[in-house]
Amino acid sequence: MRHKIQQMQIHNLLDTTAKEGILEIYQIEIPKIEFQETRKDFDGDITIVVFPLLKFIKGNPFEIATKLGEYLKENNTLVESFNVVKGFLNLVIADHYFVNSFNKIYHTHNYGFETPKQDEKSVMVEYSSPNTNKPLHLGHIRNNLLGYAVAEIIAASGKKVYKTQIINDRGIHICKSMLAWQKFGNGETPESTGLKGDKLVGNYYVKFDQEYKAQITALINNGKTEEEAKKQAPILLEAQKMLLQWEAGNEEVIALWKKMNQWVYDGFNQSYKELGVNFDTNYYESNTYLLGKDVVADGLSKGVFYKKEDGSVWIDLTEEGLDEKIVLRADGTAVYMTQDIGTAIQRIKDFPDIGGMVYTVGNEQDYHFKVLFLILKKLGFSWAENLYHLSYGMVDLPSGKMKSREGTVVDADDLMVEMTNTAREISQELGKLDGYSNEEKEKLYKTIGLGALKYYILKVDPKKRILFDPKESIDFNGNTGPFIQYTYARIQSIIRKADFDIENTIANYTLHPKEKDVIKQLQNFPFVVQNAAKNFSPALIANYTYELVKDYNSFYQTVPILGVHDKNQKIFRTQLSKKVSSVIKSAFSLLGIEVPNRM
RNA sequence: GGCCCCGUGGCGCAACUGAAUAGCGCAUCAGAUUUCGGCUCUGAGGGUUGCAGGUUUGAAUCCUGCCGGGGUCACCA
């Protein structure tokens with residue numbers, strides 16, 4: 001199946017003529033003509049699919065296509081010739097159209113990107129959303145890459161975007177780390193140990209768990225049941241006490257909480273910087289966990305929610321095919337849902353220009369977000385129509401599921417280092433890095449290593465699970481980030497060697513088929529960006545870039561560029577190369593991937 | 001069990017709103033290259049798109065049922 005063409009320029013230029021043709025030949029008005037790119041194994045540039053017209057015109061498809069082809073050839077100068085295969089009318093478009101189109105593209109800065117429009121509402125994209133008791137792992141990497149890329153893509157499509165994360169900085173899990181540090185930490189700090197703050201705090205979370213388990217075992221040996229032991233372990237009781245103290249605003253506990261959280265944030269920020277992601281604003285659960293209660297009260301009076309005898313508040317979604325869902329506990333305290341309702345509303349208050357939100361959260365929360373969005377709609381918020389759960393599948397390891405308890409977690413920082421090391425090994429064998437300082441080389445290895453990782457994860461449909469083998473799954477050949485980076489670097493090399501003025505505009509030019517292929521691919525870029533934004537899909541950008549690179553490499557292999565005698569050809573081909581490289585760079589920037597000038 | 005997601009050559013993936021002979025990479029085999037970076041290019045073999053029905057001029061795509069994998073059905077987050 002070929003790509004349908006939604007708004008391509010040729011389509012617009014032919015649409016009217018085609019409709020007029022049908023009107024003249026058959027006296028029938030057709031609402032829509034369907035265009036698609038011509039398959040490469042047929043002759044032509046654009047194809048009209050005749051089958052849908054059969055609903056309006058009785059007749060045989062071949063005949064209709066032929067008549068329409070004749071009409072188009074006579075009445076539209078763009079159409080040079082045509083051929084008909086079954087119900088497909090393949091049109092050959094004149095070179096001058098593609099040459100003019102390329103010249104426009106060549107001189108368009110930020111080609112494919114829209115500047116934010118005044119009348120478009122902004123979008124808030126939430127991603128990452130870590131817990132402060134554990135370092136970032138492979139799952140967070142997928143989350144971060146997806147969220148960041150989607151935010152960039154939406155921005156490029158012409159909407160203002162706010163990137164945010166909600167940091168889960170409160171609750172019993174935080175108290176566990178704090179308690180363990182108090183008991184066993186001997187005043188250790190990130191400075192004194194040289195550890196990243198998130199790693200240090202994570203270690204104490206693990207320490208708590210070890211101690212907790214030891215105490216359970218001891219209690220069981222003293223005759224308690226397992227259930228009793230789990231509830232009565234002294235260290236757990238202490239942690240619970242600490243949570244109460246935190247909620248009561250105990251100064252000492254709050255001070256410790258602030259100190260340790262700051263360590264974690266410093267550590268996270270370092271990881272984010274390495275990964276190349278950022279946020280415009282942060283939300284903290286400690287500030288938002290009480291929000292939403294007022295909304296629940298309000299919704300109760302409106303009849304959206306109802307109260308059970310014990311005082312808990314629920315919403316009945318059975319009519320929508322879902323269950324009943326609690327939104328406030330009997331004791332009046334908030335649940336996860338309460339908080340998410342409150343946070344969503346708070347965000348709109350904070351940024352009134354927002355018209356929609358994207359939540360980048362794993363697919364185990366599909367149900368939660370379905371319910372959340374439904375509740376917000378029932379509460380009558382207009383923006384609730386524009387909420388999207390960017391749901392993604394789990395990242396599995398060959399050894400099994402990624403669960404921190406099982407000790408099979410791939411740490412985000414370690415993985416990035418590993419990728420950089422792999423890139424270093426390969427580049428030292430093959431690179432053309434004469435004259436690069438060590439610092440420049442290290443930066444390059446990072447660019448390549450992270451490029452491989454990011455591309456590998458982003459090219460896959462977010463819904464699908466990824467099986468990730470850190471040792472073997474990153475390839476540097478085929479459909480990979482480094483392959484595309486290599487093409488970019490090679491083009492830069494050509495531009496460096498071009499010892500003539502490449503900025504002359506070439507107007508009259510006969511295209512080589514490979515040149516035409518590349519131009520057609522370049523023409524698609526703006527529509528791919530729009531489509532990727534509409535579908536929240538970085539994979540569309542990744543796969544487009546690969547297609548472009550393949551077409552370019554085929555061109556590169558088939559015709560000489562700098563070595564060609566004709567001056568116009570030399571200039572045109574260099575310009576074509578240059579624009580391809582700039583589109584690669586733009587597309588990769590949407591994925592958060594950098595491109596090197598050499599590698 | 002109810003609901004949700006996934007299932008495409010040996011492996012990893014693509015196919016936007018149903019459209020031509022289901023594309024691509026890895027791996028395998030056979031070739032190309034006096035020259036711009038051989039991490040390139042050209043070609044071959046390899047498929048009943050999990051199974052069975054249905055709708056349609058036309059189905060990987062839509063509908064129904066089943067099979068397999070995962071998730072979820074907490075007054076956890």
Side-chain angles (χ1 to χ4, degrees), chain A residues 1-6 34 36 38-42 47 49-52 54-55 61 85-88 90 129 131 168 170-173 285 289 308 310 312-314 321-323 325-331 333-340 362-368 370 391 393-394 396 401 426-427 429-432 456 459-461 463-467 473 475-480 482-483 485-487 489-498 527-528 531-532 534-535 537 539-540 542-543 546-547 550 553-564 570 573-574 577 598-599:
Chain A
M1 183 181 88
R2 277 289 98 183
H3 296 271
K4 285 189 191 170
I5 297 167
Q6 297 175 14
E34 195 172 307
Q36 61 181 240
T38 304
R39 285 180 66 121
K40 282 195 177 158
D41 30 351
F42 294 95
T47 295
V49 188
V50 178
F51 295 113
L54 296 177
K55 283 172 193 153
V85 181
K86 293 180 189 171
F88 297 91
N90 301 323
S129 304
N131 289 339
N168 183 359
R170 63 161 285 280
I172 188 78
H173 52 291
E285 286 199 9
Y289 80 108
K308 284 199 178 175
D310 63 359
S312 58
V313 181
W314 295 71
L322 305 175
D323 296 329
K325 192 84 189 171
I326 188 159
V327 293
L328 199 66
R329 291 191 187 105
D331 62 5
T333 57
V335 292
Y336 183 41
M337 190 62 76
T338 329
Q339 168 183 306
D340 268 4
N363 64 6
E364 67 274 11
Q365 295 197 38
D366 283 356
Y367 187 75
H368 172 78
K370 221 179 198 176
S391 165
M394 197 169 301
D396 289 324
K401 240 172 63 173
I426 293 174
S427 297
E429 277 175 44
L430 301 155
K432 301 217 166 186
Y456 179 80
K459 75 174 180 186
V460 181
D461 179 352
K463 279 199 190 78
K464 292 190 174 174
R465 308 167 56 116
I466 294 183
L467 185 71
S473 60
D475 217 323
F476 285 68
N477 291 315
N479 187 0
T480 67
F483 172 82
Q485 288 173 325
Y486 174 76
T487 301
R490 203 169 49 184
I491 294 173
Q492 299 318 301
S493 165
I494 288 172
I495 295 169
R496 278 195 297 272
K497 284 190 178 141
F527 307 110
V528 171
N531 210 15
K534 212 171 83 191
N535 293 297
S537 175
L540 293 179
N543 290 321
Y546 180 61
E547 292 294 320
K550 267 202 312 184
N553 280 339
S554 183
F555 155 78
Y556 171 90
Q557 194 70 22
T558 310
V559 302
I561 299 168
L562 297 178
V564 75
K570 196 151 78 168
R573 287 175 181 174
T574 308
S577 303
R598 301 182 204 182
M599 64 188 281

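Here is how names work: the chains are called A, B, and so on, in the same order as the sequence lines, proteins then strands, and each is numbered from 1. Everything numeric in this text was worked out from a predicted model, so none of it was measured.
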Counter-base of [N], judged by Watson-Crick or G-U geometry with both distances under 3.5 Å:
{"N": "B:rC75", "answer": "none"}
{"N": "B:rG25", "answer": "B:rC11"}
{"N": "B:rU34", "answer": "none"}

Sticking with atom [atom1], work out how far [N] lies from [M], rounded to a whole angstrom.
{"N": "B:rC24", "M": "B:rU34", "atom1": "C1'", "value": "32 Å"}
{"N": "B:rA59", "M": "B:rA52", "atom1": "P", "value": "15 Å"}
{"N": "B:rU40", "M": "B:rU49", "atom1": "P", "value": "32 Å"}
{"N": "B:rG9", "M": "B:rC26", "atom1": "C1'", "value": "13 Å"}
{"N": "B:rG71", "M": "B:rG18", "atom1": "C1'", "value": "29 Å"}
{"N": "B:rA27", "M": "B:rG10", "atom1": "C1'", "value": "8 Å"}
{"N": "B:rC11", "M": "B:rC16", "atom1": "C1'", "value": "27 Å"}
{"N": "B:rG70", "M": "B:rA32", "atom1": "C1'", "value": "46 Å"}

[X] [atom1] to [N] [atom2], straight-line distance once rounded to whole Å:
{"X": "A:Asp340", "N": "B:rC76", "atom1": "CG", "atom2": "C1'", "value": "13 Å"}
{"X": "A:Asn363", "N": "B:rC4", "atom1": "CG", "atom2": "P", "value": "14 Å"}
{"X": "A:Glu34", "N": "B:rG58", "atom1": "CD", "atom2": "C1'", "value": "12 Å"}
{"X": "A:Gln365", "N": "B:rC5", "atom1": "CD", "atom2": "C1'", "value": "15 Å"}
{"X": "A:Lys464", "N": "B:rC6", "atom1": "NZ", "atom2": "P", "value": "9 Å"}
{"X": "A:Asn553", "N": "B:rA32", "atom1": "CG", "atom2": "P", "value": "20 Å"}
{"X": "A:Asn477", "N": "B:rC41", "atom1": "CG", "atom2": "P", "value": "10 Å"}
{"X": "A:His173", "N": "B:rA77", "atom1": "NE2", "atom2": "C1'", "value": "7 Å"}

Would you indicate what [X] reaches in the nucleic acid, counting non-hydrogen atoms under 4.0 angstrom: base, sugar-phosphate, or nothing?
{"X": "A:Pro482", "answer": "nothing"}
{"X": "A:Asp461", "answer": "sugar-phosphate"}
{"X": "A:Phe88", "answer": "base"}
{"X": "A:Asp323", "answer": "sugar-phosphate"}
{"X": "A:Ile494", "answer": "sugar-phosphate"}
{"X": "A:Phe42", "answer": "base"}
{"X": "A:Val559", "answer": "base"}
{"X": "A:Ala489", "answer": "base"}

| message | I want to check something: taking the side chain as every heavy atom from C-beta on, are A:Phe42 and A:Phe88 in contact at a cut-off of under 4.5 Å? | response |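 When only atoms from C-beta onward are counted, A:Phe88 and A:Phe42 do not touch, as no gap falls below 4.5 Å.
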
| Got A:Met337 and A:His368 here, is their nearest side-chain heavy-atom distance under 4.5 Å? |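 A:Met337 reaches A:His368 side chain to side chain.
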
Is [X] reaching over with its side chain to a backbone N or O of [Y], donor-acceptor style, under 3.5 angstrom?
{"X": "A:Asn531", "Y": "A:Phe527", "answer": "no"}
{"X": "A:Asp310", "Y": "A:Ser312", "answer": "yes"}
{"X": "A:Lys570", "Y": "A:Gly563", "answer": "no"}
{"X": "A:Thr558", "Y": "A:Ser554", "answer": "yes"}
{"X": "A:Thr487", "Y": "A:Phe483", "answer": "yes"}
{"X": "A:Ser577", "Y": "A:Arg573", "answer": "yes"}

| message | Tell me whether the ring of A:Phe51 lies stacked over the B:rG58 base, given a 5.5 Å limit on centroids and a 30° limit on the plane angle. | response |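 A stacking contact does not exist, since A:Phe51 is not both close and nearly parallel to the base ring of B:rG58.
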
| query | Are the ring of A:Tyr486 and the six-membered base ring of B:rC39 within the stacking cut-offs of under 5.5 Å and under 30°? | reply |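 One would call A:Tyr486 stacked on the B:rC39 base.
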
Closest to the [X] side chain, choosing from [options]:
{"X": "A:Met394", "options": "B:rU57, B:rC36, B:rG71", "value": "B:rG71"}
{"X": "A:Phe483", "options": "B:rA20, B:rA15, B:rU40", "value": "B:rU40"}
{"X": "A:Gln557", "options": "B:rA77, B:rC75, B:rA32", "value": "B:rA32"}
{"X": "A:Leu562", "options": "B:rA20, B:rU21, B:rC36", "value": "B:rC36"}
{"X": "A:Arg465", "options": "B:rC36, B:rG70, B:rA77", "value": "B:rG70"}

Output yes when at least one side-chain N/O atom of [X] is less than 4.0 Å from OP1 or OP2 of [N], else no.
{"X": "A:Ser554", "N": "B:rC41", "value": "no"}
{"X": "A:Lys86", "N": "B:rU21", "value": "yes"}
{"X": "A:Arg39", "N": "B:rG23", "value": "yes"}

| request: Considering only NZ, NE, NH1 and NH2 on the basic side and carboxylate oxygens on the acidic side, decide whether A:Asp461 and A:Lys463 come within less than 4.0 Å. | output: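 Looking at A:Asp461 and A:Lys463, the cut-off is not met.
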
| Closest nucleotide of RNA chain B for A:Val564 versus for A:Ile326: which of these residues is on the 5' side? |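 Per heavy-atom nearest nucleotide, the more 5' residue is A:Val564.
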
| said: By nearest heavy atom, map A:Asn535 and A:Met337 onto RNA chain B; which one lands nearer the 5' end? | reply: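 Mapping each residue to its closest nucleotide by heavy atoms, the 5'-most match is A:Asn535.
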
| task | Report yes if a donor N or O on one partner sits less than 3.5 Å from an acceptor N or O on the other, where the partners are the side chain of A:Glu364 and the base of B:rU72; otherwise report no. | result |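 Not at all, since no donor on one side and acceptor on the other fall under 3.5 Å apart.
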
| Taking atom types as they are modelled, is there a donor-acceptor pair under 3.5 Å from the base of B:rC24 to the side chain of A:Asn543? |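 For A:Asn543, whose side chain was compared with the base of B:rC24, there is no donor-acceptor pair (under 3.5 Å).
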
